[in-house]
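Data first, discussion second: the structure below is written as structure tokens.
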Protein chains: 2
Amino acid sequence: MNIREETKQMKLAAPLLAAMPIEQRNRALALIETRLNEHREEIFEANRKDLSLALENHVAPAVMKRLTFDEAKLADVTQELESLQSLPDPIGKITLHRQLDEGLTLTRVTCPIGVIGVIFEARPDALVQISSLCLKSGNCAILKGGKETTYTNRILFSLIHEAALEAGLPAKCLLQAEQHNEIDELLACHESVDLLIPRGSNAFVQYIMNHTSIPVLGHADGVCHMYVDKDYDIAKAIPLIIDGKTQYTAACNAVETVLVHRSIAEDFLPRLADALHKSGVTIRGTKEVNTMIPVDVIPEGESWHKEYLDLILAIKLVGSTDEAISHINTYGSHHTDCIITENEETARRFMTLVDSAGVYQNASTRFADGFRYGFGAEVGISTSKIHARGPVGLEGLVSYKYKLLGHGQIVGDYASGKKKFHFRDL
Amino acid sequence: MNIREETKQMKLAAPLLAAMPIEQRNRALALIETRLNEHREEIFEANRKDLSLALENHVAPAVMKRLTFDEAKLADVTQELESLQSLPDPIGKITLHRQLDEGLTLTRVTCPIGVIGVIFEARPDALVQISSLCLKSGNCAILKGGKETTYTNRILFSLIHEAALEAGLPAKCLLQAEQHNEIDELLACHESVDLLIPRGSNAFVQYIMNHTSIPVLGHADGVCHMYVDKDYDIAKAIPLIIDGKTQYTAACNAVETVLVHRSIAEDFLPRLADALHKSGVTIRGTKEVNTMIPVDVIPEGESWHKEYLDLILAIKLVGSTDEAISHINTYGSHHTDCIITENEETARRFMTLVDSAGVYQNASTRFADGFRYGFGAEVGISTSKIHARGPVGLEGLVSYKYKLLGHGQIVGDYASGKKKFHFRDL
């Protein structure tokens, strides 16, 4: 397959998809749901093939779980497809309506982004999730899944594509790439591809970001913090840290570093250490922390920008909220950071000055997720401040265009002063 | 100056500027206005120095005009500074307010982007305009102006910076770069700089876009079209094309190509040619066009993606609105394109399917401008569909963050089913 040629054709098909009424885009989602359920046995069969190959290749059990597409996963994607159909149309929304002058009316209206390249590792359910989010928002998508689930991806894609065609969407609305070298080809298609969404490991996303001039939506790493302020409530602090660290260690929103106000450390650290040990968490810390609880001392000069993605937690003491803020802004990944305090003033300062997509008071960083924010579904979490930030749902998949309706107005008349704008919002 | 070190410090100052109340940011703008007016003679003197050096270097008259900073330019920037102060605060706006569960409240609030790098050629008034837009929106800015106005830029920057300090903004809120090699250093500061705004020639912007991994807001080229439909009104068509082509040929929103429906060409082209010749416009066209009016025939195979920025217009015939749409989506720059028609249905199709930041009916493409859209001021025009699109005012200089206020809620309780989200918008 010639990716450059295919994405060029997709680019020309994109406006046609963008013009499809919401009923037709929703019908495609309903048909996907039906087809996936009707062909469940074939999907499971394909997935078993992938899993047995993965077993032969000694894939780690945690990864095996992510490769699995079974009844439970099918139930999840079915539910997501249903909730997606019930969400309002993200495109065609008027966000500005202004008369510039008599008979000269400006409208800003949301529209799809166009052509989105999605590259993901493992997790075949991501293929269903992201392609359906793209169709709902009128975007064409080119999808490249991980090689570990080749068989599963192939059948899922063909069922989804057939459903889109049956709903009358343009044939070029979806495309599957299967070869690894096609990733690099895709990264070079800046003329046709408007946005890339990579989903996978830190190194994988970093590779994508460093090898393309196409805008990338996502995050490479998640170095999230919890700061335990001197005005903390221990009944909240311990469960929050345990949840943030252990509820799902492989997640980008898991806590990697806990900062503790020096004035409460002597009292708090032994109790925290006790809870962490019970949860199987290994503690790393500064020499100062080591004087209060036994820890693996972090060597001088080692960066605090470290994502463990494991049952390991780093602890450091700070002298003030401002020192905590400065540490987080310097070493964090601008993802999600939490202050544990009962002091509203301190919380306000922390939440204003910490430069992250999510700033929390007394809530687990694990809440940073499109489903938990009530977005219905998410394409990923962005740590960029350009375009969408934080968990990205349908809203992050739209752009807008300006429509100007005139009756022959020319700029010369306004430049010469013969006519004047009156700017009246309608 | 070590740009990497300076921007790092700016990154740490950025949250402090972001936390400044609007009164203080507006006060900085008022002080800039006062200072520029009080020191007008010094500014004009510096500008005369730049202009005489430019004369020695045989700079073209059109460019000389752009380098000039005189009473008229001062009046313009003074007016812009006043209108900017009267605009509402773009930051701190709540765009989502939702109770996820009892005592767990999510707020999405607009905030500055952070650190913005602005690189511009010529036009010293751009320095005032962009730095004041950045301060109003709470963004730190590092400014690199063209070497042709070194003296003017230097005094303008120092007056603006003094005003910002007097208003109590952080010292590191603004920084001026003066050396050419500092551009490349700035392009490498992806860890500290959140956004680049280049203003200048096509080649200049293209260079910036190709040499950085920092997001770039702007456009390299403006290949704008007017399509004259068969249901056109000649009384509108001729003035629109003349205005679009000649009102300011060097602008990105000037028309470069006119597409004409074949069925009206025999009647329309001679009249158009007559008007274009009277305005001093040279016509280039296809062989087919040349059978109806004398033109410079465009060689086979020459790209239609050509930006003349001069009194030259390309003309091509098309058989249908869809052919016009396809030509524009293939060869245009997704900037601003217009249909000249009295047929509402045809206009609707064109405006839906043309994939550009601005889609117009019977209005000059020259209207594509922040001032003419009523935005008060603009930092530039974006042809990207990520983040801001079209003319970009204050709204394009903000991001947002999610604030979550809890009382110790952990994700484990929701994952286990012990608790349930209820998602209630407040």
Side-chain angles (χ1 to χ4, degrees), chain A residues 12 14-16 18-19 98 100 104 106 113-114 194-195 209-210 213 215 233 235-236 239-240 243 247 326 329-330 351-353 355-364 366-367 372-374 384-387 389-390 399-412 414-415 421 423, chain B residues 12 14-16 18-19 98 100 104 106 113-114 194-195 209-210 213 215 233 235-236 239-240 243 247 326 329-330 351-353 355-364 366-367 372-374 384-387 389-390 399-412 414-415 421 423:
Chain A
L12 291 175
L16 300 173
R98 177 176 294 167
L100 306 184
L104 188 63
L106 184 71
I113 286 176
D194 298 292
L195 180 69
M209 289 177 166
N210 292 342
S213 61
D233 173 357
K236 291 172 186 153
L240 282 173
D243 187 81
Q247 205 266 331
S326 168
N329 285 344
T330 306
M351 293 168 88
T352 302
L353 293 181
D355 184 23
S356 296
V359 282
Y360 290 10
Q361 180 191 7
N362 298 334
S364 171
R366 291 274 301 124
F367 281 107
R372 296 183 191 122
Y373 280 9
S384 165
K385 289 194 273 185
I386 304 307
H387 196 66
R389 192 183 195 196
S399 178
Y400 53 79
K401 55 162 69 168
Y402 287 95
K403 296 185 176 181
L404 184 65
L405 293 175
H407 290 85
Q409 282 89 344
I410 61 173
V411 164
Y414 295 85
F421 294 109
F423 301 134
Chain B
L12 290 174
L16 300 172
R98 177 177 294 168
L100 306 184
L104 188 64
L106 183 71
I113 287 176
D194 297 293
L195 180 67
M209 288 177 167
N210 292 342
S213 62
D233 173 356
K236 292 173 187 153
L240 283 173
D243 187 81
Q247 206 267 329
S326 168
N329 285 344
T330 306
M351 294 168 86
T352 302
L353 293 182
D355 183 24
S356 296
V359 282
Y360 291 11
Q361 179 191 7
N362 297 335
S364 171
R366 291 274 301 123
F367 281 107
R372 298 186 188 121
Y373 279 9
S384 163
K385 290 194 274 185
I386 303 309
H387 196 66
R389 191 183 194 195
S399 178
Y400 52 81
K401 56 163 68 166
Y402 287 94
K403 296 185 176 180
L404 184 64
L405 294 175
H407 290 85
Q409 283 89 343
I410 60 172
V411 164
Y414 296 85
F421 295 110
F423 301 133

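Reminder, nothing fancy here: chain letters follow the sequence lines and each chain counts from 1. Atoms considered below: every heavy atom in the structure, side chains included; atoms not considered: hydrogens, waters and symmetry mates.
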Shorter than 4.5 Å, heavy atoms on both sides: which option in A:H407, A:M209, A:R366 has the most such pairs with chain B?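 Maximum pair count with chain B is reached by A:H407.
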Looking at A:A14, A:G406, A:A19, A:S213, which has the largest count of heavy-atom pairs under 4.5 Å with chain B?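 It is A:G406.
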Looking at [options], which has the largest count of heavy-atom pairs under 4.5 Å with chain A?
| options | answer |
| --- | --- |
| B:F423, B:F367, B:Y360, B:F421 | B:F367 |
| B:K385, B:K236, B:K403 | B:K385 |
| B:R389, B:Q247, B:Q361 | B:R389 |
| B:S384, B:S356, B:A357, B:G390 | B:A357 |

Measure the shortest side-chain to side-chain distance between [X] and [Y] over non-hydrogen atoms and say whether it is less than 4.5 angstrom.
| X | Y | answer |
| --- | --- | --- |
| B:L100 | B:Y414 | no |
| A:L405 | B:N362 | no |
| A:I113 | A:H387 | yes |
| B:N329 | A:P15 | yes |

Residues which pass side chain to side chain contact (heavy atoms under 4.5 Å, CB included) with A:P239, listed by chain and number, not counting sequence neighbours: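 Side chain to side chain contact (heavy atoms under 4.5 Å, CB included) check on A:P239 returns B:I410.
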With a 4.5 angstrom heavy-atom cut-off, which part of A:L16 approaches chain B: side chain, backbone, both or neither?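 Both backbone and side chain.
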Pick one of side chain, backbone, both or neither for A:L353, based on which atoms fall under 4.5 Å of a heavy atom in chain B.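 For A:L353, backbone and side chain are both near chain B.
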Distance, nearest 0.5 Å, that separates CG of A:L106 from CG of A:L404: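 Separation between the atoms: 5.5 Å.
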